[in-house]
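All values below come from the heavy atoms of this structure, side chains included, with hydrogens, waters and symmetry mates left out. Per chain, numbering begins at 1; letters A, B, ... match sequence-line order. Treat the numbers as computed from the prediction; the structure is a model and nothing was measured.
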Amino acid sequence: MSELKFTPPRVSVQTYVGAFVGCLALTLFAYGAATSHLHRNVVLAVVGGLAVVQCSLQLLQFLHLGEERGPRFRLAAFLMMLSLLLILVIGSIWIMDNLNYRMTPQQMNRYLQGQNGL
Amino acid sequence: MSAAVERVAADNRTVLGFWIYLMTDCILFASLFAMYAVLRGNTNGGAGGRELFDMPYALAETIILLTSSFACGMMMVALQSQRKQAVQLWLVVTLLLGASFVGLELHEFQHLVTTGDSWRRSGFLSSYFVLVGTHGLHITVGLLWGVVLMWQLISRGFKGNITKRLTLFSMFWHFLDVIWIFIFSIVYLWGHVL
């Protein structure tokens, strides 16, 4: 009787080499943007965008997200996590920023607005 | 069901279960990122990211960890074609690069502490050490896990459940590099300009 073996998803060298080179390029681009003399908001947007792209590349190619057929449990779990994550992070930052503003005396507000902005 | 089919079904459930664990770990890191975002400006009169972070150093750490994740992928390719020597070689490469990463990170932490910028200095530094330190702790535990897997490969080869174990390890290792992407981008790169 042949023994059935657990088989992980099929992978190829090209998948990993391609993703590796892509991630390396994205990392270097982000680094270049951050250490350049571009405007602060441009750097934030570019670096943030590149991070999301690299994350997607690694999720798809290294972690094989979306490759399963049949009931897509992994994808479902991932989407659930992503929803919770966005609520948690955006919610926390929004609330704490609002709280910070409300807890700051008005004189300090005007002073701080003259500094780095509130 | 035959024993072999049950074994495979159980292994598939384990892989899904481990994936769900990784998703909960993402939530953990998300809460640490949220904390870091809130405390980012609380430098207590001390230094902030711009002054403290060495950019080329952080880039080196990033490339080392990325290469380590790539090596782990190559290990899985070798596992697919059952080439034992190649699996062992790529596992060693993965672990050596991972150890280099931890070494660099510990060196960075030590430098911060000895110059007075420890986690006690400010809320910003507290959140930095917890976020980056938790990731480093995950890497360290992963290295121990990898060493145990290496031992099993040497002593028992491909007998038993090494395939499932290596699959779980590789998922863990890739996941840690995904988290690092955000640490590098949000803590180091954003920290340099904000």
Undergrad: Might you work through the side-chain contact (heavy atoms from CB on, under 4.5 Å) test for B/Trp19 and A/Leu63, ending with a clear yes or no?
TA: CA-CA 10 Å; B/Trp19 175 261; A/Leu63 283 166; 4.2 Å; yes
Undergrad: Among residues 164-177 of chain B, which ones touch chain A with a heavy-atom distance under 4.5 Å?
TA: B/Lys164, B/Thr167, B/Met171, B/His174, B/Phe175, B/Asp177
Undergrad: Between A/Gly91, A/Ala19, A/Cys55, A/Ala33, who has the most heavy-atom pairs with chain B when the cutoff is under 4.5 Å?
TA: A/Cys55
Undergrad: Once rounded to the nearest 0.5 Å, what's the spacing between atom CD1 of B/Ile181 and atom CG of A/Leu57?
TA: 8.5 Å
Undergrad: Same cluster or not: are A/Met96 and A/Met103 linked, directly or through other Ile, Leu, Val, Met, Phe, Trp or Tyr residues, by side-chain heavy atoms under 4.5 angstrom apart?
TA: yes
Undergrad: With clusters defined by side-chain heavy atoms of hydrophobic residues (ILVMFWY) lying less than 4.5 Å apart, directly or transitively, does B/Leu137 cluster with B/Tyr36?
TA: no
Undergrad: For B/Phe184, which atoms come within 4.5 Å of any heavy atom of chain A: side chain, backbone, both, or neither?
TA: side chain
Undergrad: Which residues in residues 84-100 of chain B have any heavy atom closer than 4.5 Å to a heavy atom of chain A?
TA: none
Undergrad: Among B/Leu59, B/Leu22, B/Thr163, which has the most heavy-atom pairs under 4.5 Å with chain A?
TA: B/Leu59
Undergrad: With a strict 4.5 Å heavy-atom criterion, list every residue of residues 60-80 of chain B that contacts chain A, or say none.
TA: B/Thr62, B/Ile63, B/Leu66, B/Thr67, B/Ser69, B/Phe70, B/Gly73, B/Met74, B/Met76, B/Val77, B/Gln80
Undergrad: Do B/Leu189 and A/Leu44 have side-chain heavy atoms sitting under 4.5 Å apart?
TA: no
Undergrad: To the nearest 0.5 angstrom, please state how far the CD atom of A/Gln58 sits from the CD1 atom of B/Ile179.
TA: 10.5 Å
Undergrad: When you group the ILVMFWY residues by side-chain heavy-atom contacts below 4.5 Å and let the links chain together, are A/Leu75 and B/Phe18 in the same group?
TA: yes
Undergrad: At their closest point, which heavy atom of A/Ile93 faces which heavy atom of B/Ala37, and how far apart are they?
TA: CD1-CB, 3.7 Å
Undergrad: Decide yes or no on side-chain contact (heavy atoms from CB on, under 4.5 Å) for B/Val15 and A/Arg74, but give the supporting numbers first.
TA: CA-CA 10 Å; B/Val15 170; A/Arg74 283 203 215 184; 3.3 Å; yes
Undergrad: Pick one: which of A/Leu38, A/Val43, A/Asn41, A/Val42 meets side-chain contact (heavy atoms from CB on, under 4.5 Å) with B/Val193?
TA: A/Val43
Undergrad: Taking OH in B/Tyr57 as the centre, count heavy atoms belonging to other residues, nucleotides or ligands within less than 6.0 Å. Is the count above 12?
TA: yes
Undergrad: Indicate if A/Leu84 and A/Ile95 have the same hydrophobic cluster label, given that clusters are the connected sets of ILVMFWY residues with side-chain heavy-atom separations under 4.5 angstrom.
TA: no
Undergrad: Say you draw a straight line from CG of A/Leu82 to CE of B/Met23; how long is it, rounded to the nearest 0.5 Å?
TA: 9.5 Å
Undergrad: What do you reckon, is CE of A/Met80 surrounded by more than 12 foreign heavy atoms closer than 6.0 Å?
TA: no
Undergrad: Using non-hydrogen atoms only, which part of A/Leu99 is less than 4.5 Å away from chain B: side chain, backbone, both, or neither?
TA: neither
Undergrad: Other than A/Leu60, which residues form its hydrophobic cluster under the rule that side-chain heavy atoms must be closer than 4.5 Å?
TA: none
Undergrad: Examine whether an atom of B/Phe33 lies under 4.5 Å from a heavy atom of chain A, and if so say whether it belongs to the side chain, the backbone or both; otherwise answer neither.
TA: neither
Undergrad: Side chain, backbone, both or neither: which part of B/Leu16 has an atom under 4.5 Å from a heavy atom of chain A?
TA: side chain
Undergrad: Using non-hydrogen atoms only, which part of B/Asn12 is less than 4.5 Å away from chain A: side chain, backbone, both, or neither?
TA: both
Undergrad: More than 12 heavy atoms of other residues, nucleotides or ligands under 6.0 Å from CE of B/Met150: is that the case?
TA: yes
Undergrad: Heavy-atom pairs under 4.5 Å with chain B are the metric here; pick the option from A/Val17, A/Val52, A/Leu59, A/Thr15 that has the most.
TA: A/Val17
Undergrad: To check you understand the geometry: which heavy-atom pair defines the closest contact between A/Ser92 and B/Val38, and what is its length?
TA: O-CG2, 4.4 Å
Undergrad: Group every Ile, Leu, Val, Met, Phe, Trp and Tyr by side-chain heavy-atom contacts under 4.5 Å, then state whether B/Val132 and B/Met55 land in the same group.
TA: yes
Undergrad: Out of A/Phe62, A/Phe78, A/Tyr31, return the one with the most heavy atom pairs under 4.5 angstrom to chain B.
TA: A/Tyr31
Undergrad: Pick whichever of A/Val47, A/Val89, A/Leu26 has the most heavy-atom pairs under 4.5 Å with chain B.
TA: A/Val47
Undergrad: Rounded to the nearest 0.5 Å, what separation is found between the SG atom of B/Cys26 and the CG atom of A/Leu88?
TA: 12.0 Å
Undergrad: Does B/Phe158 CZ have over 12 foreign heavy atoms under 6.0 Å away?
TA: yes
Undergrad: Closest heavy-atom contact between B/Trp190 and A/Gly48?
TA: NE1-N, 3.9 Å
